[in-house]
Amino acid sequence: MAASKCTRLTGVLSRQLLDSVDSVLFDCDGVIWRGDQAIPGAPEVINSLKKNGKRVFFVTNNSTKTRQMYADKLGKLGFDASADEVFGTAYCSAVYLKNVCKLDGKVYLIGSNAMRQELEGVGIRPVGVGPDPVSGVQKDWANVPLDNEVRAVLVGFDEHFSYMKLNRALQYLCNPDCQFVGTNTDTRLPLEGGKAVPGTGCLLRAVETAAQRKAQVVGKPNIFMFECVASQFGLDPERCLMVGDRLDTDIMLGSNCGLKTLLTLTGVSTVAEAEANQKCECPQRQKMVPDYYIESIADILPALQA
């Protein structure tokens with residue numbers, strides 16, 4: 001195994017790394033697919049890992065899909081995967097509210113229908129999904145009708161995010177006993193061709209600013225994302241590998257949880273950024289240095305087939 005971090009993964013080293021782990025956690029977009037296309041060789045890698053006795057999980061900050069929706073997409077792209085191997089922030093937020101917050105009541109949800117389904121799947125009743133147009137004047141907004149059974153505000157990606165939703169969240173969060181949870185802090189969603197759109201982090205920051213409160217964030221790099229997987233499958237962190245394309249979410253999650261980390265260069269982050277973090281004395285940036293990097297996860301296929 002390599003003695004230093006940020007080492008290019010090649011040949012024999014790939015085999016040694018794979019022999020040292022029992023479970024592999026993959027980010028999705030930019031790692032095993034881009035948009036609606038599988039990264040060449042990625043399905044063969046996932047399926048070969050399973051044939052070699054490794055457990056594989058899919059860990060994503062995207063809150064717009066349920067576990068089953070992800071499983072369906074994985075299947076269509078040629079991956080051997082089931083819904084219980086998928087851990088997205090829609091599902092993990094529901095688990096967090098149910099098991100950690102011990103929520104007894106409803107959730108005001110700034111989020112998607114997928115989040116609504118995952119909340120309902122664990123027995124939590126969400127309110128607020130869909131458009132919420134502005135009406136009346138400021139005095140009316142400050143006295144907007146609230147559901148007195150709401151005990152938490154959950155913020156994820158919401159294409160219907162609006163001033164009134166922001167206001168309603170503020171009114172709920174004026175109650176200090178109302179819990180405040182966010183799916184993730186990713187500020188931009190990268191698209192093909194170098195384009196991007198605003199991410200959930202922008203919406204969450206707006207609610208935090210209005211409420212003058214900080215949310216408990218569930219998604220990567222928060223350790224709960226790994227704990228959610230580990231608690232259900234009995235994972236040993238020292239025998240796990242986190243594979244991702246983002247230093248600030250995937251690699252930092254691995255560092256926070258004591259996992260081995262592998263950066264793929266088919267997505268957002270670059271080796272130059274990782275090396276700059278490595279040279280920096282800032283402890284937070286040191287957590288964004290992968291143990292290994294590779295051009296594409298397809299490059300480990302020869303080691304799996306040897």
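Small disclaimer: the values here were computed from a predicted structure and weren't measured.
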Answer yes or no: is there an ion pair linking [X] with [Y], defined by an N-O contact shorter than 4.0 Å?
X      : Y      : value
Asp19  : Arg15  : yes
Arg55  : Asp22  : no
Lys165 : Asp158 : yes
Arg8   : Glu295 : yes

Please determine whether residues Phe180 and Tyr108 belong to a single hydrophobic cluster, defined as Ile, Leu, Val, Met, Phe, Trp and Tyr linked transitively by side-chain heavy-atom distances below 4.5 Å.
yes
Could you state whether Val181 and Ile110 fall into the same hydrophobic cluster, counting links through intermediate Ile, Leu, Val, Met, Phe, Trp or Tyr residues with side-chain heavy atoms under 4.5 angstrom apart?
no
What residue among Ile46, Val243, Leu17 forms side-chain contact (heavy atoms from CB on, under 4.5 Å) with Val24?
Val243
Matching residue for Lys106 among Ile124, Val127, Asn148, Leu119 - test: side-chain contact (heavy atoms from CB on, under 4.5 Å):
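Going through the options one by one, the only one that passes is Val127.
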Check against side chain to side chain contact (heavy atoms under 4.5 Å, CB included), Asp36 and Lys73:
CA-CA 8 Å; Asp36 292 322; Lys73 179 174 180 175; 3.8 Å; yes
Supply the atom-to-atom distance [X] [atom1] to [Y] [atom2], rounded to the nearest 0.5 angstrom.
X      : Y      : atom1 : atom2 : answer
Leu49  : Leu18  : CG    : CG    : 6.5 Å
Thr185 : Arg205 : OG1   : CZ    : 8.0 Å
Asn167 : Gln138 : CG    : CD    : 10.0 Å
Tyr91  : Met115 : OH    : CE    : 14.5 Å
Cys92  : Asn184 : SG    : CG    : 11.0 Å

Minimum-distance pair of heavy atoms, taken over all atoms of [X] and [Y]:
X      : Y      : value
Ser63  : Ser112 : O-OG, 3.0 Å
Ile32  : Phe79  : O-CZ, 3.5 Å
Gly219 : Met225 : CA-SD, 3.9 Å
Val268 : Arg246 : CB-CG, 3.8 Å
Val31  : Asp245 : CG2-N, 3.5 Å
Ile39  : Ser296 : CG2-OG, 3.8 Å

Output yes when a side-chain donor or acceptor of [X] lies under 3.5 Å from a complementary backbone atom of [Y], and no otherwise.
X      : Y      : answer
Gln278 : Gln286 : no
Asn256 : Pro221 : yes
Ser231 : Cys228 : yes
Thr266 : Gly30  : yes
Arg116 : Val129 : no
Lys260 : Glu238 : yes
Arg239 : Ser20  : yes
Thr261 : Asp291 : yes
Asn47  : Asp80  : yes
Tyr96  : Thr89  : no

Criterion salt bridge (Lys or Arg N to Asp or Glu O under 4.0 Å) against Glu85, the qualifying member of Lys54, Arg67, Lys50:
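Exactly one option meets the salt bridge (Lys or Arg N to Asp or Glu O under 4.0 Å) with Glu85, and it is Lys50.
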Any heavy-atom pair between the side chains of [Y] and [X] that's under 4.5 Å?
X      : Y      : result
Asn62  : Cys28  : no
Phe161 : Cys202 : no
Asp250 : Met242 : yes

Derivation and outcome, side chain to side chain contact (heavy atoms under 4.5 Å, CB included), residues Leu9 and Asp299
CA-CA 9 Å; Leu9 193 64; Asp299 295 344; over 6 Å; no
For the residue pair Asn113 and Gln117, confirm or rule out a side-chain donor-acceptor distance under 3.5 Å.
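On atom types as modelled, these side chains do not qualify, holding no pair under 3.5 Å.
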Compute whether any side-chain donor of one residue and acceptor of the other, for Asn277 and Glu273, lie under 3.5 angstrom apart.
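There is no such pair between these side chains.
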